[in-house]
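Worksheet for the structure shown next.
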Amino acid sequence: MRDETLSAELLAWYDRHARDLPWRVGPAARAGGAQPDPYRVWLSEVMLQQTTVAAVKDYFHRFTTRWPDVGALAAAEDADVMGEWAGLGYYARARNLLKCARAVASEHGGRFPDSHAALLSLPGIGPYTAAAIAAIAFDRPETVVDGNVERVMSRLFAVETPLPTAKPELTAHAARLTPVERPGDHAQAVMDLGATICTPRNPACGICPWQAPCRARTAGIAAELPRKLPKKPKPIRFGIAYLGRRSDGAWLLERRPASGLLGGMLGWPGTDWAETAPAPAPPVEADWHPLGAEVRHTFTHFHLRLALCVAELGPDCTPGRGQFLPPDAFRPSDLPTVMRKAFDLARTAFATA
DNA sequence: AAGGCGTGGCG
DNA sequence: TCGCCAAGCCT
């Protein structure tokens, strides 16, 4: 059965405390008839997948400045989009972002569909994002369930079953609270609550609009929820990267395969990353010098220790892999973070050589 | 249907 | 220093 009492209390809080975000139409403007741009809602939601608001803001501004609408993005070069996404992580999102933009442009006349089912069929749009776009951009009564909602529901109803087992139960709770009126504001309100008050650690229960009905707070276990299954330890992997600079200043880089880790991104040629020390595998015969420092970087499922080799390459150098990018065609900011760390260390070495 | 897939901030 | 965590999706 539906319970809109709780939502009414939350919306009253949201009307006073909604965060001002670049992609958001606030409750006052929305009440005045303003509608969010589905393109901006979609772009922000994809960027926000497993990513904090603070990390997304600058990327969102750069993307919307460079590609103001879905048609412009659909017409962009792959390398430009991947370069603009560099540093934000989870690069499959960028690959699917382009696929989705092109699908909207070619199959939907340049307009985002407004139904959950149609949105779900687009690349990079899963259950959460489809519901978020339908609710926020089109004010459809969809139930949005992300990590925030799971945490808030687990506390509000004191669900002690660990995630991900508890997910269906938490989704059912969230669905009961979804109002027919203002479902978009409701969705954003629950997520704002989770992001600012019902936080993972040290939740600010004293100022929470749901402090009275919250069963975890009553039981004194709010900070312990949601419970989660233990995680596997991350192994350490080792690799070597080769940073070669030609005498004219061009750097030897390569485009990584279109799928897998850092898929589609620019990177330095090198060995595979394995749990045992790699055999040297330079991309071209040269006087490679090992760098004293190594890059340490942690991915989702392993720690990487990346040894670096640098070399000055001759003007007629013809490498077996990769391509030379002249200085005016190479922005270090186009590199994923692990590769940019390597560049920063090597650049220092060249500068002092 | 578990596991692959980035990064930065925080306690 | 280190584990945890963030507006998940795909295979």
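Side chains included, hydrogens not; waters and symmetry mates left out as well; all remaining heavy atoms used.
When the C1' atom of dG8(B) is taken as reference, atom NZ of Lys57(A) falls 15 Å away, rounded to whole Å. Arg305(A) has its CZ atom 9 Å from the P atom of dC2(C), to the nearest Å. With rounding to whole Å, Trp42(A) atom CH2 is found 16 Å from dG8(C) atom C1'. Straight-line distance from the CD atom of Gln49(A) to the C1' atom of dG6(B): 13 Å, rounded to whole Å. Atom C1' of nucleotide dG3(C) and atom CZ of Phe302(A) are separated by 18 Å, given to the nearest angstrom. Rounding to whole angstrom units, CG of residue Leu261(A) and C1' of dC5(B) are separated by 7 Å.
Between His173(A) and Phe157(A), the ring-plane angle classifies as parallel under the 30° and 60° cut-offs.
At least one cation-pi condition fails for Arg340(A) and Phe343(A): the charged atom is not both under 6.0 angstrom from the six-membered ring centre and inside a 45 degree cone around its axis.
For the pair His17(A) and Thr196(A), the minimum side-chain heavy-atom distance is 4.5 Å or more.
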task: Determine, stepwise, if the pair Glu45(A) / Tyr128(A) fulfils side chain to side chain donor-acceptor pair (under 3.5 Å).
output: CA-CA 9 Å; Glu45(A) 289 300 339; Tyr128(A) 162 77; 2.6 Å; yes
message: side chain to side chain donor-acceptor pair (under 3.5 Å) for Arg111(A) and His108(A)? Distances and angles first, verdict last.
response: CA-CA 6 Å; Arg111(A) 292 178 175 274; His108(A) 296 274; over 6 Å; no
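Between the side chain of Thr51(A) and the base of dG6(B), a donor-acceptor pair under 3.5 Å is found. No N or O donor and acceptor, one from the side chain of Thr337(A) and one from the base of dG6(B), sit under 3.5 Å apart.
Less than 4.0 Å separates DNA chain C from no heavy atom of any residue of residues 153-169 of chain A. Of the residues in residues 115-143 of chain A, those with a non-hydrogen atom less than 4.0 angstrom from any atom of DNA chain C are Pro123(A), Gly124(A), Ile125(A), Gly126(A), Pro127(A), Tyr128(A), Thr129(A).
Checked for salt-bridge contact, Asp78(A) and Arg255(A) miss the test: no charged N lies under 4.0 Å from a carboxylate O. A salt bridge between Asp185(A) and Arg182(A) is present, with a side-chain N of the basic residue lying under 4.0 Å from a carboxylate O of the acidic one. In this structure, Lys341(A) does not pair ionically with Asp344(A), as no charged nitrogen and carboxylate oxygen lie closer than 4.0 Å.
Judged by closest nucleotide on DNA chain B, Lys232(A) is the one of Leu335(A) and Lys232(A) placed further toward the 5' end. The residue among Arg296(A) and Gln188(A) whose nearest nucleotide of DNA chain C lies closer to the 5′ end is Arg296(A).
Side-chain atoms of Gln211(A) come within 3.5 Å of backbone atoms of Gly206(A) as a donor-acceptor pair (strictly under, hydrogens ignored).
His61(A) NE2: 12 or fewer foreign heavy atoms inside a 6.0 Å radius. The environment of Arg66(A) atom CZ is dense: over 12 non-hydrogen atoms of other residues, nucleotides or ligands sit within 6.0 angstrom.
Pair check for dG6(B) finds none; no Watson-Crick or G-U wobble contact set falls under 3.5 Å.
Comparing dG8(C), dT7(B), dC10(C) by their nearest atom to the side chain of Gln50(A) picks out dG8(C). Of the candidates dA6(C), dC5(C), dG8(C), dC5(C) carries the atom nearest the Lys231(A) side chain, counting heavy atoms from C-beta on.
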Anything under 3.5 Å between a protein N or O and an N or O of nucleotides 9-11 of chain B, put it in a table, one pair a line.
none

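Taking the six-membered ring where the residue is Trp, the centroids of His297(A) and Phe299(A) are separated by under 6.0 Å.
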